[in-house]
Structure formats: structure tokens, C-alpha cells
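First up is the structure itself, then whatever we jot down about it.
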Amino acid sequence: MSTASNFGFSDIETTVDAGRELTYIAAISEALREEMRRNPNVLVMGEDVAGEFGGAFKVTKGFEAEFGARRVINTPIAELGFVGAATGMALMGLRPVIEMQFADFISTAFDSIVQFAATTHYRWNGAVPWVIRAPADGGIRSGPFHSQNPEAWFVHTPGLKVVAPATPADAKGLLLAAIRDDNPVIYFESKPLYRALKGYVPPGDYVTPIGQAHVARAGNDLSIITYGAMLHQALAAAERLASAGIMAEVLDLRTLKPLDTAAILATARKTGKVLIVHAANKLAGVGAEVAALIAEEAFEWLDAPVQRIGGLDTPVPFSPSLEDAYRPNAEKIYVAARALAAF
Amino acid sequence: MSTASNFGFSDIETTVDAGRELTYIAAISEALREEMRRNPNVLVMGEDVAGEFGGAFKVTKGFEAEFGARRVINTPIAELGFVGAATGMALMGLRPVIEMQFADFISTAFDSIVQFAATTHYRWNGAVPWVIRAPADGGIRSGPFHSQNPEAWFVHTPGLKVVAPATPADAKGLLLAAIRDDNPVIYFESKPLYRALKGYVPPGDYVTPIGQAHVARAGNDLSIITYGAMLHQALAAAERLASAGIMAEVLDLRTLKPLDTAAILATARKTGKVLIVHAANKLAGVGAEVAALIAEEAFEWLDAPVQRIGGLDTPVPFSPSLEDAYRPNAEKIYVAARALAAF
Amino acid sequence: MSTISLTNEQRLELYYWMILTRVFDENMVALWKQGRGVGGTFSQRGHEAISVGAAYALGPDDVIAPMHRDLGAYLLRGITPQRIFGNLLGRASGVSGGRDANLHGMGDLNLNIIGFISHLTHSLPVSLGVAMSFLYRNEARVALTFTGDGGSSAGLFHETLNMAAVWNAPLVVIVENNQYAYSTPLNQQMKSPNIADHAAAYAIPGVIVDGNDVEAVYAVTREAVERARQGGGPTLIEAKTMRMLGHAIHDGAEYVPRELLAAWEARDPVQRYRTFLCENGITDEDELAELTQRAEVEITDAIARAEASPLPDPATVLDGVYA
Amino acid sequence: MSTISLTNEQRLELYYWMILTRVFDENMVALWKQGRGVGGTFSQRGHEAISVGAAYALGPDDVIAPMHRDLGAYLLRGITPQRIFGNLLGRASGVSGGRDANLHGMGDLNLNIIGFISHLTHSLPVSLGVAMSFLYRNEARVALTFTGDGGSSAGLFHETLNMAAVWNAPLVVIVENNQYAYSTPLNQQMKSPNIADHAAAYAIPGVIVDGNDVEAVYAVTREAVERARQGGGPTLIEAKTMRMLGHAIHDGAEYVPRELLAAWEARDPVQRYRTFLCENGITDEDELAELTQRAEVEITDAIARAEASPLPDPATVLDGVYA
Ligand SMILES: Cc1ncc(C[n+]2csc(CCOP(=O)(O)OP(=O)(O)O)c2C)c(N)n1
Ligand SMILES: Cc1ncc(C[n+]2csc(CCOP(=O)(O)OP(=O)(O)O)c2C)c(N)n1
Ligand SMILES: [Mg+2]
Ligand SMILES: [Mg+2]
């Protein structure tokens, strides 16, 4: 996986070869288009999603032509209000898929998400089956407001579900699962993977169940628990570790809420050494919950301190030299894993 | 400490006896009044803070009469906008102390806090010395929107400081420290302590430094790490544990960002057994960071799994029967601590 | 008092919902004064004509999203007094099953009611979304929602009205301008006292109505609802009234000038309609007394049943977080 | 072309800032096309008259909070082209020291400039707070800020104008209505095309001005600034213009009808002022060519220096999170 800087603005390939190797973003687009064909209650809304334009990253290009303006809605710049409107639609049984232009702007809709949508079923049985697609993550020289990974805010919030696919297949599978889920689901897509990562995507109706992590690589010496773009950095590190005779197991969480605690504890108990990696701020990030869970429930199996690598406790800096210092990568993972293996 | 249900609406005592035993809320009010007398750049703003009314909890009652309308500003219901306005004032060198009517409404101002105020110094050296006073916490039958403990969102966010006093003395000392700090500080006050907790408060200029935890009770058998109203539940549990021959050390974090990692690691290494307690949702809460830190840096000293008790992963339910099930208390702490001691 | 084509039967219905709301409110206040309440609660006094008059203008398939002073709307739309007292008292039988407090969280989609949330002013965009679902499915239904003068200062007021206008949504927004947001008088909230003035900038109709005149509220709401139903888009209605008691049960509202209250007391919406009905020979004091009596029985009975009903089983605390 | 009392010297100054902005922009676009850029950037073409005309109306102690199409304002207020190119290229010498991207984060309190943030429309409330600090300290200073047509749909637009009106704050808000928010045309953003209409509901002055006429922009801004300075409170100004290139450097803006662009091209603010200055004998083509030449040299030099300057030391990544 490269971190190509043209991560986002070109058109998405629409012709799929027989081997069904799709880019990550093409998988998102395909899942959405197919589900809109299957289910007339599914619609998309967000800034610039309609018309020939089809969204900042072109995920919905051609959608208005196929599905009509009623199902492909351009919104004014009013995230708080239009997520609220999506909640109203969802309460009436529609299934809006909301595109945030960048995940960074999800905070603008915060109250609509964490106070209204997240609590409504608990309070009065109102189901809110919307999905927010949030183009997240950095490494692409986009600066503090186009690089954020804000998932921890939502994992801490009762009533939401949170997913973060790392592969084209899961990009499709988790989006379908998210749309079909009767709850508000935040779907964090990884911009650096958009056009840089290709992989096999099953045709047709393919679902990755929410709540199931995936062992992306098996190993006995230590566990690397991660998600999103960092999966590929972890896999690259694991490859190098293997050359050094260290067999790392790599667990791709895929769903961040609800966490697959069984899978987390299984790998921790299996290897006894755990390194948790994510691009988001390490401090009080999702990795803290994973580490705490392991320290609580796999303690007796542990042979070493639970390690974490994450973003620094700063805004995401823009300049390449600073962003590289800010951001985890395969090299940093490799170094930490070697130390852990040697513990 | 009792959880009296009249936690908030009566006037605050203003005559202070020679022993200087003040309620928690009187200590807040005193700190604010005294600092406004000392520093003409300090002002208060928020919904209903002005006039004879003086705020939903009466913290600023009489302030407009003393300091004038210029320094005691009633705002319309526009949290996002008025926190933004406070940021502008702060950039010009004023020190606004913003009252959120309830901590639950801090999410309404989210972007102003986490995107603008928190990042401005890192991005262009703009110092934002405001304080948000956020009346937090439940146990008082106030339901999902008047009982929240949202500190974890802010601890995860780079550029903020977060404090949570548990005693009248720290209520004063941390408020003064927060006002004098050149950064945006969120000050979580505990509603259940407002009028239910009294204690000695030093006169005059008394500061509790930001970033320093406090050993509220020393002990060797296990550590209870906590903050806010739960400190008093932990102390009550420790008392009972002592009768059973178990000597618990109780660490009051006081500051949640930056965490006093030295104090946390010291107590963990000292006792080898740690129980972390907070009223906020346990899942991906501040306690997760504390547990992860310990699992990372005190691992070799640990004699038992790191335990956490927190709120459930639900909105805070209103009904007494449900809220009691939701919320940690001395009994639950006692039970968990006994099991931990026996590990 | 405006006159529109309401049958006398309908007028008595309107009156009954108002007196039921008033009796509910007085009993609720008394209950709390006796220390039998749980948490806080909001008095409804003064708002009866708005909540009842507006809700009465809807058809059964229309959706309503009331705010915290719209008890009358909940009652009229079919939430029983017992379920509401159950909510106030945190009972399992309450609308929210003991989960949400006072008049919040009282949604019931079977009755086409969206529950209220503390955070102002989220009923507006949510109702816009409800209205958009009607356009989506080509249904001739309308969404009606409410905000206070205070809530109108929030950004959502603007975002919602702007999008509703662009999308021509079948949405009616009523601002219950009761002169105060908690302790804050109107002139500290906005410079122009007429909130309906905002409508012009959205290029939608804006109407000011006497919020203490139930038939007038009914009439303007009805007109807006029918316009929306026929594709005419959203309307902003400002109903002027006065909050006659404190913001919530604990609030003595000493900050409100007594003369102001006295002036509005003379325009009490319930008493005023009573006088209108009698003076126009639509009914007489005996029949009205009977209605009051019926309301008293209904409310007293509801309180007794709600108080006698159990709190939720703590073992259910985790239930219902997810659908 | 409106006429107001500007000296010829001032007019040449206005022109210089506009041509400097234009030359900066053209060089920047070329740089990015050559792949020498870092991240994205926003073209300023079409916005020169607004950013320059408005900023020129301020006194040195007034505070300005520009948006992402106000390059001219940054230049006029004293941020050097080199520091701005340094920002765009992520250099240590950039205004934000490599921390923030493109024209964001370019605050400098020594120059009375508030930095822009991506999240729309936070410059508004922050500038309101700046204005409030002037009232607080009894200083005769004014805050000026900007938003796009797109940003005017955000709730902060309402919250800010409402509070500014109630507080009578010395604040001027200019909406740069360039017909599009990214790909979204005005009629999908709002029903009424005149954003200044909102002013009436806040009971503050609202003015529409030709955003391609630098002297007109200067004149209305100057009037609003002086009113604010004298205690007359806030003004909402809507400057109508057209975004002449894509939203950002990567955007070809195929969604904009070519005829629309052609129509606006004929009203190009720089060319128009050039014609005005020549036709009125204020200057001649030779002098103007010389100014252009001066701008070219300044910008070329700035680019060279910025490109040659180092990236930030990675060891400093943690510096400056806290004050
Ligand atoms: C976003 C938000 N901020 C603050 C509050 C606290 N609060 C509850 S009601 C209220 C006043 C509401 O005034 P108004 O909208 O005029 O309604 P009224 O109570 O007068 O009927 C306030 C400030 C809230 N519920 N939501
Ligand atoms: C809250 C928020 N949502 C979305 C965006 C993404 N975004 C950046 S610029 C833009 C369009 C802005 O349009 P307008 O305000 O008209 O300014 P213009 O670019 O036309 O000058 C959008 C949607 C943002 N920056 N902030
Ligand atoms: Mg009101
Ligand atoms: Mg625009």
C-alpha cells in the first residue's frame, strides 16, 4: 500500500475485471449503488453528492442520474441540521447514507449524533437506521482538518455503532452491514486507501458482520491489534518480523463498537504479547480501551506490558516532516514489535 | 457525602465561618468572585448567569451587581456561537469563564472547543485562555441530559486541559489554576457534591496546580484511582475495607489532561493492584487510558488484573431503580476491591 | 377572538383538551410541592392554547414533535395522562419506561409523535427529515414542530428553516414566544422582538398569532398545514404568549415583573375560551364545570395509577440501547 | 463604478494589492500544476476586489479574520508573500510553521489577523468575541470577518448575527457570495438569492454590493466600519461575485456553465479597475505594467525563497500544543 497523494479526486473506475480486483473506494461506491438498487428506502445525502459531480471523492458520481434527485440529495453546509434531518427520515423508516465531506466535519454534527440519534432507541424505542460515511485519516499532507481519526469520541458514546474497514472487501461488506443495521452506524473510510489499495471484492450481496474482528495474519509470538490504514502498515511490519523469525499475529478489528472482545482476548491469550496500533491520537484512543480490556481480562496470559502506538497528542500537522513524525508506520511498528518480542 | 436531591437551586451561603468550612459550590463561587476582583480581564458568560438570578445553580448570584453587565454576560441559547465568541475574547487577552448550564450541553459547543480553541495555539500561536465550567454528573435523578460526564471526549482531544475537582478546596484551587492557565481548560464540577459536600477551603489566593494528582488516602494493599464525586464513594469503600483489614490507597486524579502519570504509576507500582473508578461510561472512558498506561508502564509491578468500574454503556437512565443500576457507588467499589485484594 | 369554521362540538373538544392540560398541570405542580415528584418538571401554564390549538390542526397521519411546554399536544394526540405521569415519576409504565425525565423522551411512533430531547432545538431538523420522508414517498402528510423563543437563537433554527425552504418541505414550525428563556428576557436574546420576521429571508410565509387564543392558533396552523400538504412548503408561525410560572418546578421566577404576569393573567387562554364559549352561547358554565370535573377525575385517577405502578426492573437497565 | 473620496495614490494602492493577489494566484496555480505544491490550495481568482477593498477600509488597530479566498486581505495586512508560500509549502518559515495547510492557520496577532479554520463558519463568532473585547475595554476598534455563501447556511451565521445585534458589537460580516459552495449552486443552498435579506430580522443594516467593484466594496465596508466604531453596531454586507476557477486546485469545476463564467469574466475585478483607472486618467498602462512587473518580481522571489527554506524539524512536532 502506498500513500499516494492523489488519494481522492479522480473518477472511480466503473468497469470491473473478471478477477474483481477493486480499489477500496470503488468497493464503497459499488456497495452503495447496489444497495440503492436493492432497497428503495436507501438514499444518499451530503454536500456535493449529487449531480455529475458526485461528491468530493466521486463515490456517488452518476448516482443522481440513476436514482434521481429524490434519492441523491445535495445539502447546504449545515452538518448539524442535515444529520438531524437524516434522523427524522430514519425514524420514518428510510435509510439515509450521509456523506461527511471529510470525517473532520463530523464534529460539526456532534449533537445530532451523540445526543439525538444515539439515545433515541433507549429513550423511546425510536430506531434510527442511518449511516454516516466519514472519509478519515491522513498521511496525505492534508493538515489538521482533513486528516482526523475521531472514532474514539463515538466509541465512548452509548447507542452508536462504529466500523472502520481496512480492505476493499470489508469496505463493501461493512457498508452493506451498516446500511442494514437498524441503528446509527458511523463508517470510517480511510482516505489513504481510497485509490492506493486494490483487492478482491466479492460480487453481489456480500456482508461483513458488524462486531467481528478478523485475523489478517496468524502468528504465535505476539499480537498486533489494529484497524483501518494501519492494518497494512502492521502487515508490512509483520512481514519484516517474519524474516527476523518473529511470527506476529495481526488482528484487524474492523468494528470498533461493539468491539469483538472475544477475538481480542483470544489473540492476547494466545501470544501473551500485544501491540495495539492506530493512526488516531493514542491518548484515550480506542487502543486504550483495547489495552484496558486485555489488562483486565487477559492479565494472567500476558508475558509483557501491553504496548500502544498511535498518533501524537497534537493536531495532525500538515508539513511532511511533521506529519511523518506524528504518524505511526510500518517502521515504527517493526521497532516496537521487535522490542516487545525480546521482552 | 450524601446524594441529596436538592443539589442545585437554592442560594449559596455567603457568610463563611471562621473555620472556613464551605460547600463545594460555595468554593467555586468564592474562587470566581475573588479572581474577578483581582483580575479585570476575567469575566463570566453563559445562559442566565447575570442579573439577580445568577445562573441555574446560583454560582454567579450577585456578580452583575458587583462587577457590572460588561463582565457578567447573559447569552442567548447558542453554545457553539458563544464559546466561539469567548475564544475571540480570549485571543484578545481577556479570560472568559463560560458557564455551561449543564455539562450535557457542552457537546453543543463541540466544534468551537475541539476544532477551534484546542488547535489555535499549535496552528498559529493564538493563546485561548478561557475556562468552561461544566456542571456534570448524576445520581440525582436528572435523566440522560442532565447527568452526563463527557470528559473522555476532551481528554482525547489535543490542545485542551481538563480538570475535575472532588473537594471544596480543589474546587477553588483548580478553578483559580484554570483561569490563570493560558490554554482552554474544561472544568468539570460535580453537581451531586454542590451542596452535599462541605470542607475546609483555604482563604484568599489558593491554587491547586493543574497536572497534580493527590493521594487522598494512603494504603499498601491496593490502589483505587478515581476523581470527582466517585472519590467520596471510594473513600467510603476504603473505610469499610480497612475494617476488613484491607488497606486501600485512594488516588484522586484531579486533573484528567494532562494526566499525572508519575502519581498513577507510583501508586500502581506500590500496591500492584489497581481499581479505577469513574461515573462516566466505562467503555473507552478516561479509566481506559489510566488502565492502559499502567498495563504499559507498571506491568512488571502488577499482581492482579487492572480493574475498572464505570457507568454502563447506556444513556444515563432517569428512574431511580435504573440509575442506581447504572452508577458506581461505594458498595460496588467495596465488592470489586475485596475481590481484587483476594486475587 | 377570531372566528373560523369550527363546529360547537369541536370547540368543546378544544376546550376539553385545554382544561385537561390545565388540570394535569395544577395537579402535577401540587404533587411536586408535596415532595412526591421525581426529578424536575415544567409547568405548562399559559401554553395550553398553543399546544392544543396547533395539534388540533393535524390529521391523524401527520407527525408532531412537541417541545417541553406542549403537554396539551401529547394529550390530544393520544398519550394517556397515566403514561405521562408514569414518565414524570420514572415508572416502567411511563412513556419512556423510566429512561427519560419529565416531558422528554415521550415519543411514540404509533401515535406519530417524535419524542423531545433536552438539547434545543433538535426537534426542528428531525421534523424536517420527517417531512422529507413524506416527499420521498409522495405522501400527503405534514410534520409540525415547536421551539421556544430561546431555542430560536440556536443555529439549528436557521439551518432547518433554510433547508426546509430550499427543499420545499411540508413542515410547520411554531415558535412559542413566551417572553423568557429561563431567566433571560427577550431583549437579551434578540434585537427584534418578532421572531417571525426571519421567514422573509427564507422566502417562506411567516405569521404572528396570539398564542392565548386557541382558535386563532388553530386557524393559522391549519392554514399552514394545508398549504404544506398541497405542496406549498414550510411556514414559520410565531405564537406570542407568556410563561406564567417558573421555568421549571423549582424556579420561583422572581426575575419576572409581577405587573407583566398580571397583564397576561387577564388573558389566560383557558379562562378566555371559557368566557368566549359562554358568551356566544356555545355552552354554559354547568357543562364546562362538568368537563372540568371529568378532567379532574381523569387526572386524579392517572396519578393514582402511575404512583402505584412499579419502577423499572434494574435488570433491564441495558435493554434497548440498540434496536 | 461608484465614486468615493479616494486619492489617486490610494487608488493605485488598491490596484497594487489586487494585482499582487492576482499574480500570486496565477503563480500558485502554475506551481501546483507543475507538481511543486504540497497538499491542496484554493484559487482566489475573482475575489480580489472583495478581500482588498474590504481590508483597505480598516485602521491598523482593527482586527480582521479572513476566509479561504481572502489572500488579498492577508497581503494587504502585512503577511509577506514568502510567509504565505511558506505556509502553502509546509515550510518552517510559513505563517503556521508547517502546522496548518494552504490558507488556513494564517493568524498573526501582531498584525491583528485571526487565522482561518477549515470548519465553516467559526471566524464569525470568534470575530464577534474580538469585537466584544473592544467594547469590554472601551476601545474604538472594529472586527471584520468574512464567510462564503456556503458558510451562510451554517448555524453559526445565525448565532453570530443574532448575538452581535443584541450586544451591539462593532462587527462587520461580509458574505462573499460567489454563486457556488464547492459544486453546489446557490439555488440548492437557499431559496432567496439575497443573503443580506437576513439582516432585517436581526434589526441590523444589510447591504448588497458589487463584489467585483473594489471601490464599491471599500465604500460600503468603510461605512459599516465607521458606524461600528461609533457605537452603531454590526452590519451584514453581501458582496456578489463569481468563483472563476474550481473550488480548489484539483477541481475543474465542470459543473459551472461556461456561459456563466464568460459573463463574469467580462467583469473581472482587476481588469475592470485597470480600465477605470486608465479611462479616468488616474494612471496609464505603462504605470500599471510597472506595478504588475513589481508584483511579478515580488512573487517570483517569494516562491524561490519559500521553496528554498527548510521543512520544520521533526523534533519540534510536539511544540506549541499548549501556550
Ligand atoms: C442546547 C441547550 N442549551 C441549554 C439548555 C438548558 N435550557 C433548557 S430550557 C432553557 C430555556 C428555554 O427557553 P425557551 O426556548 O424560550 O423555552 P421556554 O422554556 O421558555 O418554553 C434552557 C436554557 C438546553 N436544554 N439546551
Ligand atoms: C463545517 C464544514 N463543512 C464542510 C466543509 C468542506 N468545505 C470546504 S469549503 C466548502 C464550500 C464553501 O463554500 P462557500 O462558503 O460558498 O465558500 P467558497 O469556497 O465558495 O468561497 C466546503 C463544503 C467545511 N470546510 N466545513
Ligand atoms: Mg421562552
Ligand atoms: Mg461560495
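Quantities reported herein were computed from a predicted structural model and do not represent experimental measurements. By convention in this document, chain letters (A, B, ...) are assigned in the order of the sequence lines, proteins followed by strands, and residues within each chain are numbered from 1.
- In this structure, CZ in C:R99 is found 10.0 Å from NE2 in A:H121, a value given to the nearest 0.5 Å.
- Side-chain atoms of A:T75 and C:W167, non-hydrogen and from C-beta on, do get closer than 4.5 Å to each other.
- By the neighbour-count criterion of 12 heavy atoms within 6.0 Å, atom CZ of C:R305 is sparsely surrounded, having that number or fewer from other residues, nucleotides or ligands.
- Rounding to the nearest 0.5 Å gives a distance of 11.0 Å between CG of A:L80 and CG of C:L124.
- Looking only at side-chain heavy atoms (C-beta outward), C:L109 and A:W124 come within less than 4.5 Å of each other.
- Among A:M89, A:K161, A:Q115, A:R71, the residue making the largest number of heavy-atom pairs under 4.5 Å with chain C is A:Q115.
- Chain A forms the most heavy-atom pairs under 4.5 Å with one residue out of C:L156, C:T121, C:N162, C:T160, and that residue is C:L156.
- Exactly one residue among A:T87, A:T120, A:L91 makes a side-chain contact (heavy atoms from CB on, under 4.5 Å) with C:I114. That residue is A:L91.
- Heavy atoms of C:F116 lying under 4.5 Å from chain A belong exclusively to its backbone.
- Heavy atoms of A:P40 lying under 4.5 Å from chain C belong exclusively to its backbone.
- The closest side-chain heavy-atom distance from A:M92 to C:R137 is below 4.5 Å.
- For the set C:H122, C:M132, C:M106, the entry with the most heavy-atom pairs within less than 4.5 Å of chain A is C:H122.
- Both the backbone and the side chain of A:D111 come within less than 4.5 Å of a heavy atom in chain C.
- In terms of heavy-atom pairs under 4.5 Å with chain A, the best-connected choice from C:G115, C:S96, C:S133 is C:G115.
- Rounded to the nearest 0.5 Å, atoms CZ (A:F116) and OG (C:S118) are 12.0 Å apart.
- In terms of heavy atoms, C:P125 sits closest to A:G81 at CB-O, 3.3 Å.
- Contacts of C:I113 with chain A are made by backbone atoms alone, with heavy-atom separations under 4.5 Å and no side-chain atom involved.
- Contacts between A:D181 and chain C at a heavy-atom distance below 4.5 Å are absent for every atom of the residue.
- Between A:F82 and C:M163 the shortest heavy-atom distance is N-CE, 3.6 Å.
- Between C:Y136 and A:N41, the shortest heavy-atom distance links the atoms OH-C, 3.9 Å.
- Within the 4.5 angstrom heavy-atom criterion, only backbone atoms of A:L160 (N, CA, C, O) approach chain C.
- Shown here for A:T119 and C:I117, the closest heavy-atom pair between the two residues is OG1-CD1, 4.5 Å.
- Residues C:A323 and A:N183 share a closest heavy-atom pair of N-OD1, 2.6 Å.
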